[in-house]
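Comments concern the structure below.
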Amino acid sequence: MEQEIELQRLAPQLLVREKKEKVSRLRELDGAGPGFTVRLAPYPSGAPHIGNTRMFILNDEYARKYSGKLLLVFDDTIGSEEKFPDVESYSLIEEGLKWLGVKWEGVYYKSDRLDIFYTWAERLIHAGIAYVCMCDAETLRKNREEGSECVHRSHTVQQNTGYWKMMVNGEYREGEAVLRAKTDMRHRNPAFRDRVLCRISERVHPRTGTKYRVWPMLEFSWAVDDIELRMTHVIRGKELVMEDMMENFIWDRMGLKGPVFEHFGLLRLKGVKISKSKSRAEVASGAYTGWDDPRTWSLQSLAARGFRPEAIRNFILSLGMSLADIEVPIDSVYSENRRLLEPEANRYFFVDEPQLISISGFDGNSVVESYLHPDHPEKGRRLIEAGNSVYVSSADMRSFGGSEVRLKDFCNVVLRAGKSEFTGKENRDLQRIQWVPSTGSVKCRVIMPDGSRVEGLAEANVAAIPLNVPVQFERFGFVNPRGWEGDAMVFHFAHE
RNA sequence: GCUCCCUUAGUGUAGCGGCCAAUCAUGCGGGGCCUUCGACCCCGCGACAUGGGUUCAAAUCCCAUAGGGAGCACCA
């Protein structure tokens with residue numbers, strides 16, 4: 001402390017703290033340079049949601065950082081009973097990415113590339129790295145547990161080539177045959193013992209119908225496409241590390257060099273439940289308003305709430321590339337967005353659960369003038385016609401009933417249900433509450449993040465505000481005007 | 001259970017053998033300002049999981065322990 005005082009006397013300039021750059025720099029990736037190429041691999045089974053944005057933004061951000069390329073590769077293999085591609089998801093994803101400000105060049109579809117996968121499968125068979133296995137799922141599992149090899153493993157290349165042709169030609173039914181990699185049946189990780197590369201599915205694909213029945217597994221399709229599409233890096237969540245091993249195994253055996261793998265840890269948002277399959281069902285049944293329903297947490301729903309894409313990006317970048325699994329409160333996202341909305345959103349009065357009071361001792365009407373934004377007077381003013389009866393919110397009545405409050409910008413009253421006494425117009429340091437006139441106020445319906453609706457009244461000025469430009473309902477929160485339902489104006493609630 | 005990963009203030013995060021008496025944001029406490037309980041400004045609080053080792057020197061490298069997470073078989 002003494003030293004600091006001394007330093008202050010001798011060289012005050014040394015004490016001036018430099019404001020560090022706020023932008024969090026992403027760490028450098030190994031081997032990144034000219035030609036840097038990464039890919040985005042969304043699975044088209046619904047709208048993209050906030051949980052998917054980490055992958056989107058990190059890939060986009062690194063592609064920009066290294067002036068590289070970002071390819072959009074729809075990972076639309078056939079999936080499973082629970083997880084299957086659907087046709088409207090493709091455009092939902094592109095729409096979400098555009099909104100997020102992700103820039104990609106080139107769109108690819110795995111479902112267009114089956115012939116390439118087949119060619120590679122044949123190469124693996126010829127190289128003796130892969131074989132057709134006719135064990136049923138149960139037997140396969142049992143053998144893996146025991147580490148024992150089945151008879152199919154020792155078939156010749158010629159036999160496997162024949163079986164493979166039969167698979168592709170439809171001579172086996174779903175579940176009757178798979179293509180497996182000859183990794184090692186005694187590998188320490190049981191899941192790695194002769195993994196399945198391709199399997200048969202008789203489901204209908206939204207893009208290719210029933211044209212193909214043999215579909216690659218994720219890691220095989222990427223072992224192929226990370227080479228074919230010339231990726232230099234793969235940035236993916238760490239839940240996919242085992243897939244790296246499988247891709248590397250294939251490349252090693254074929255004498256190929258693949259991209260550098262980079263991972264980020266799992267991100268959980270505290271207070272956010274996302275279930276894509278549930279959202280999909282509720283959107284389809286009409287229980288949700290659509291993909292803009294806040295309960296989907298889709299990018300469409302965030303846009304509807306008035307989120308700025310930069311807020312999401314700043315939030316994701318603040319987490320960096322850490323491998324640690326983290327749980328971050330959703331409020332962190334809100335505070336990033338508030339930072340952007342606060343200086344811009346105009347202010348209006350809104351009362352939730354309106355309750356009418358009359359003001360005794362106050363005669364006549366007056367016109368109240370308020371700033372659209374208290375910190376930016378240059379944005380102008382708004383006028384509210386005030387009379388001797390107004391609505392206040394029931395919550396304020398409960399909290400402040402009986403005591404003197406200031407009806408903001410208007411007058412002071414002792415707040416009572418029914419008759420409240422006028423106590424003056426001067427601006428004293430009282431609890432301030434919002435209010436709206438008894439006539440001419442606009443009925444509002446605010447859709448909350450949990451899907452519930454808050455009904456209330458807002459000052460008449462809101463009827464004329466542009467849609468989809470977020471405003472602040474003072475002491476209520478930031479809301480985004482979306483349109484009208486009959487005589488009620490509909491808003492989506494962003495956050496406080 | 002098996003395989004892999006992680007651990008720095010309440011929550012995130014920077015840190016890559018000496019520049020660390022550890023960064024930034026948020027949070028919390030106090031004060032200021034303002035016609036919002038919002039925003040802004042100022043001051044303060046608060047962390048290297050534990051134990052061993054390597055080294056002249058460890059938040060940083062190695063080992064063990066504890067805690068947390070993920071993956072686990074024909075989903076991506």
Side-chain angles (χ1 to χ4, degrees), chain A residues 19-25 27-28 41-45 75-85 110 133 135-137 140-145 174-180 187-201 215-219 221-222 236-245 263 265-268 270 276 314-315 317-329 331-332 335-336 338-339 341-343 345 347 349 368-371 373-376 396 399 406-410 427-434 472-478 496:
Chain A
K19 274 222 164 163
K20 285 243 174 102
E21 215 175 317
K22 234 217 88 187
V23 193
S24 115
R25 282 183 196 290
R27 62 153 227 262
E28 301 292 333
Y43 188 76
S45 65
D75 212 350
D76 61 340
T77 55
I78 196 72
S80 62
E81 278 314 318
E82 307 77 42
K83 197 176 199 170
F84 47 90
K110 284 274 178 73
C133 176
C135 294
D136 58 53
L140 197 149
R141 179 174 310 129
K142 207 175 119 258
N143 285 340
R144 262 211 271 249
E145 249 163 49
E174 186 165 326
E176 286 179 355
V178 294
L179 185 72
R180 296 175 72 181
H187 194 277
R188 301 155 67 206
N189 184 349
F192 202 66
R193 292 174 188 165
D194 285 17
R195 277 177 86 76
V196 172
L197 299 176
C198 294
R199 85 301 196 179
I200 298 166
S201 171
W215 289 88
M217 304 298 292
L218 174 131
E219 53 264 52
S221 72
W222 281 117
R236 52 165 56 151
K238 78 172 194 192
E239 70 276 12
L240 260 22
V241 287
M242 202 170 67
E243 280 67 17
D244 299 6
M245 292 201 300
H263 297 94
L266 193 94
L267 165 65
R268 248 191 297 260
K270 202 172 192 161
K276 221 171 189 173
N314 293 341
F315 168 72
L317 293 180
S318 77
L319 308 177
M321 276 288 281
S322 152
L323 271 168
D325 297 317
I326 51 174
E327 184 173 50
V328 185
D331 304 72
S332 304
S335 76
E336 289 290 347
R338 188 181 302 117
R339 198 199 304 281
L341 251 36
E342 213 281 334
R347 272 49 173 176
F349 288 175
V368 168
E369 201 176 81
S370 296
Y371 287 118
H373 195 302
D375 303 327
H376 299 283
D396 283 341
S399 306
R406 179 163 179 80
L407 300 176
K408 195 181 170 224
D409 302 339
F410 178 26
N427 179 24
R428 287 191 285 126
D429 191 17
L430 296 168
Q431 169 67 43
R432 283 178 256 272
I433 67 170
Q434 279 65 29
Q472 188 194 57
F473 280 168
E474 286 192 9
R475 284 178 60 242
F476 181 77
F478 292 92
E496 289 185 351

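Reckoned from all heavy atoms, side chains included, excluding hydrogens, waters and symmetry mates. None of these values were measured; they are calculated from a predicted model. Each chain gets a letter, A, B and so on, in the order its sequence line appears, and its residues count up from 1.
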Using only modelled atom types and a 3.5 angstrom limit, is any donor from either the side chain of A/Asp375 or the base of B/G38 paired with an acceptor on the other?
yes
Atom CG of A/Asp325 and atom P of B/G12: how far apart are they, to the nearest Å?
11 Å
Just to be sure I understand the rule, does A/Met217 reach a base, reach only the sugar-phosphate, or reach nothing, if contact means heavy atoms closer than 4.0 Å?
sugar-phosphate
Base B/A73 paired with A/Arg195 side chain (donor-acceptor, <3.5 Å)
no
Which listed nucleotide (B/G12, B/C6, B/A73) is nearest to the side chain of A/Leu323?
B/C6
Is there a donor-acceptor pair closer than 3.5 Å between any side-chain N or O of A/Tyr371 and the backbone N or O of A/Arg347?
no
Side-chain N or O of A/Thr77 versus OP1/OP2 of B/A76: is the shortest distance under 4.0 Å?
yes
Nearest whole Å is fine: how far is B/U36 P from A/Leu430 CG?
12 Å
How would you label the contact of A/Cys133 with the nucleic acid (heavy atoms, under 4.0 Å): base, sugar-phosphate, or nothing?
nothing
Ion pair A/Arg339/A/Glu336, N-O distance below 4.0 Å
yes
Distance check: side-chain N/O of A/Arg432 vs OP1/OP2 of B/U36, anything under 4.0 Å?
yes
With heavy atoms under 4.0 Å as the rule, sort A/Ser45 into base, sugar-phosphate or nothing.
nothing
Determine whether any donor atom in the side chain of A/Glu239 lies under 3.5 Å from an acceptor atom in the base of B/A76, or the reverse, and answer yes or no.
no
Tell me whether the side-chain N/O atoms of A/Arg199 come closer than 4.0 Å to OP1 or OP2 in B/A73.
no
In whole angstrom, give the distance that lies between atom CD of A/Glu342 and atom P of B/U36.
12 Å
Main chain of A/Ala191, side chain of A/Arg144: is a donor-acceptor contact present, judged purely on distance under 3.5 Å?
no
Any chance the side chains of A/Asp244 and A/His263 put a donor and an acceptor closer than 3.5 Å?
yes
Under 3.5 Å, is there a donor-acceptor pair linking the side chains of A/Ser221 and A/Lys110?
yes
Nearest-nucleotide 5' precedence on RNA chain B, A/Ile200 against A/Ser322:
A/Ser322
When the nearest nucleotide of RNA chain B is assigned to A/Lys238 and to A/Arg268 on a heavy-atom basis, which residue is associated with the more 5' position?
A/Lys238
Atom pair distance, as rounded to whole Å: CZ in A/Phe315 and C1' in B/U13:
12 Å
Check this for me: does the side-chain of A/Glu327 come within 3.5 Å of the base of B/U11 through a donor and an acceptor?
no
Remember a base hit wins even if backbone is also touched, and classify A/Gly79 as base, sugar-phosphate or nothing at under 4.0 Å, heavy atoms.
sugar-phosphate
How many whole angstroms separate atom CD1 of A/Ile326 from atom C1' of B/G10?
15 Å
I want to verify a distance call: between B/U36, B/G12, B/U11, whose nearest atom is closest to the A/Leu319 side chain?
B/G12
Any N/O donor-acceptor pair, A/Arg347 side-chain to B/U36 base, under 3.5 Å
yes
Among B/A76, B/U7, B/U26, find the nucleotide with the atom closest to the side chain of A/Leu240.
B/A76
Roughly, in whole Å, what's the span from CD in A/Glu81 to P in B/A76?
13 Å
Out of B/C75, B/U11, B/C74, which nucleotide sits closest to the side chain of A/Ser80?
B/C75
Under 4.0 Å between a side-chain nitrogen and a carboxylate oxygen: does that hold for A/Lys238 and A/Asp325?
yes
Quick one: label A/Leu266 by what it contacts on the DNA or RNA (base, sugar-phosphate, nothing), any heavy atom closer than 4.0 Å.
sugar-phosphate
